[in-house]
Protein chains: 2
Amino acid sequence: MPAAAPAAAPRYQQLAERLRREIAAGKYAVGAMLPPELELSGRHGVSRHTVREAIRRLADMGLITRHQGIGTRVKALQVEPRYTASLTDVADLFQYTQRTRLKVLAEHRVRADTALAALLRCKPGQRWLKFETCRYPIEDAPPIAYTEIYILPAYGRIRARLEGGGVWVYGLIEQHYGERIVEVQQEIGAVAIPARVARLLGAKPRSPGLHVVRGYFGSGERLLSVSVNVYPAERFKLSTHWRLQGR
Amino acid sequence: MPAAAPAAAPRYQQLAERLRREIAAGKYAVGAMLPPELELSGRHGVSRHTVREAIRRLADMGLITRHQGIGTRVKALQVEPRYTASLTDVADLFQYTQRTRLKVLAEHRVRADTALAALLRCKPGQRWLKFETCRYPIEDAPPIAYTEIYILPAYGRIRARLEGGGVWVYGLIEQHYGERIVEVQQEIGAVAIPARVARLLGAKPRSPGLHVVRGYFGSGERLLSVSVNVYPAERFKLSTHWRLQGR
DNA sequence: AAGTGGTCTAGACCACCGA
DNA sequence: CGGTGGTCTAGACCACTTA
């Protein structure tokens, strides 16, 4: 069978592309009116429906605005795309398909030295409660992640609730202190898993892992908690879905 | 003058609202099919065009997906994003602080076998143009990333424009074919950089790297291009900022 | 082959705007 | 009032998927 001829683009798409080019080329200035639908219909030999479909595309792109009784006005010469990703809940950041439980291995009071302050994006000298933890699937299985959790000493009461199933630090802070997590800053890198962590995870020392640092901010951009996570490469992937705004 | 009688909402809007409510109420489960357009047309006594206008609204809300030859499937019961992250341009996904240039090392026509189809989230047998490339900072320096770019053969013309500064594949497709990148699916993992890639990158074999697979979708959820990236750990980090909606 | 959504036409009436 | 975009109908054929 011969290769299928490349299907022609639909007419509304051809028209939309043509108009887009004309706008970009300056044929219509910003604020100028596009020809009326009936005129475009006649000029390009397509039905008004097809014209509207084309014009709808341009409107979706944010190039034009339409007003009943007035006409179609050029809003921008080219598109400035804006993509968004959304989460229903911060827990989605973790994307664990199953419920997990946390095990606390150690607990310290620390003061941030220069290196830690850089990692946590806080000021040197800042005091933190630090927990070294592993996160396990509910059933018996090797841990998914090694996590260092830093919280403000003021929130120390949540220590008692930390271990167990389906628990998230940010959730505890929200529940017990009425603080709202307003922002989450996430930084993702790769790392060769250090020997000590590899031992805890049951992974090969120096094998690759995902290194994810998350900062949780309350209102007023106040940093409430930071978690530093190491995920063995084969046990975890992060996926994000970006979508053009307005769809 | 008496208050004008509240104009009845357009029929497509009434129908869209009715369907939205039925979905939210659980009449159609996630993954279930909505009735075909003709059935809705008859059942509600409106033309198919009106049905399509209503269904388009639901699709714009992200509640359903439509597929030619298959039908309309419920994707979500309601829309309620809490945290969002936004980008003004897909290029932000890459977060290169400096302009970069792409160098094409090799070019192949490939058919997806099972493994590749899984990686690219496409069907086995699908044909692709594959480019093996490295991305460099503008100034002389080792590459930031090794990237395999897959594009639909129909977009082969962009090959000539691929190399050079500040070039992004998705941008070329948008410019040359009038396609809009509507969605980007991104999957991040860690990997031990294979010897061959390490050689190209000037990195140590088996050293850790970020492994990022991005799928670019046009309208109608059509997969237009896929890139598979390997970033040496010490040369690249991804950061994302999530913010509670309404800020 | 049957059934789905995708595209397209020709025509109609309405709501809104500005002169 | 005339002209604009907004809504709507009836019907047609196409492209795609599944069986």
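Numbered from 1 within each chain, the chains take letters A, B, ... in sequence-line order. Since this is a predicted model, take the numbers as computed values, not measurements.
Nearest-nucleotide mapping onto DNA chain D: of A/G71 and B/Q13, the residue sitting toward the 5' end is A/G71. Comparing A/E53 and A/I70 by the nucleotide of DNA chain C whose heavy atom lies nearest to each, the residue mapping closer to the 5' end is A/E53.
The listed nucleotides are C/dG6, D/dT7, D/dT4; the one nearest the side chain of A/P36 is D/dT4. Of the candidates D/dC8, D/dT9, C/dC8, D/dC8 carries the atom nearest the B/P10 side chain, counting heavy atoms from C-beta on. Distances from the side chain of B/E37 to the nucleotides C/dT9, D/dT9, C/dG6 place C/dG6 closest.
In this structure, A/L38 atom CG and D/dG3 atom P are separated by 11 Å, rounded to whole Å. Taking atom CG of A/L34 as the reference point, atom P of D/dG5 lies 9 Å away to the nearest angstrom. The distance from atom CE of A/M33 to atom C1' of D/dG3 is 11 Å, rounded to the nearest whole Å. Protein atom CZ of A/R57 is 11 Å distant from nucleotide atom P of C/dC8, rounded to whole Å. Here the C1' atom of nucleotide D/dT9 and the NE2 atom of B/H44 are 18 Å apart, to the nearest Å. Separating the CZ atom of B/R56 from the P atom of D/dT7 is a distance of 11 Å, rounded to the nearest angstrom. What separates CD of B/E39 from C1' of C/dT4 is a distance of 12 Å, to the nearest Å. Put simply, NE2 on B/H67 is 14 Å from P on C/dT7, counting in whole angstrom units.
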Any N/O pairs under 3.5 Å between the protein and nucleotides 11-14 of chain C? List them or say none.
{"from": "C/dA12", "atom 1": "N6", "to": "A/R48", "atom 2": "NH1", "distance (Å)": "3.2"}

Pair up each side-chain donor or acceptor in residues 21-29 of chain B with any protein partner under 3.5 Å, not counting sequence neighbours, and list the distances.
{"from": "B/R21", "atom 1": "NH1", "to": "B/E17", "atom 2": "OE2", "distance (Å)": "3.3"}

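The closest side-chain heavy-atom distance from A/R214 to A/Q185 is not below 4.5 Å.
Remark: the B/R135 side chain and the B/T100 side chain contain an N/O donor-acceptor pair separated by less than 3.5 Å. For A/R11 and A/T50, the side-chain atoms include no donor-acceptor pair closer than 3.5 Å.
OP1 or OP2 of C/dG6 lies within a sub-4.0 Å distance of a side-chain N or O belonging to B/R66. Taking side-chain N and O atoms only, A/T72 has a distance below 4.0 Å to OP1 or OP2 of D/dG5. When the side-chain nitrogen and oxygen atoms of A/R11 are compared with OP1 and OP2 of C/dT9, one or more of them lie within a distance under 4.0 Å. Using a 4.0 Å cut-off, no side-chain N or O of B/Y12 falls inside it from OP1 or OP2 of D/dC8.
The backbone N or O of B/S227 sits nowhere less than 3.5 Å from a side-chain atom of B/E148 that would complete a donor-acceptor pair. A distance-only check finds a donor-acceptor pair linking the side chain of B/N229 to the backbone of B/V212 [under 3.5 Å]. Under a 3.5 Å cut-off, the side chain of A/R73 and the backbone N or O of A/G31 do form a donor-acceptor pair.
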Item checked: side chain to side chain contact (heavy atoms under 4.5 Å, CB included) assessment of B/L63 paired with B/R20 -> CA-CA 8 Å; B/L63 289 180; B/R20 192 194 63 74; 3.6 Å; yes

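Among the protein residues, B/R52 comes within range of the nucleic acid bases, having at least one heavy atom under 4.0 Å from a base atom.
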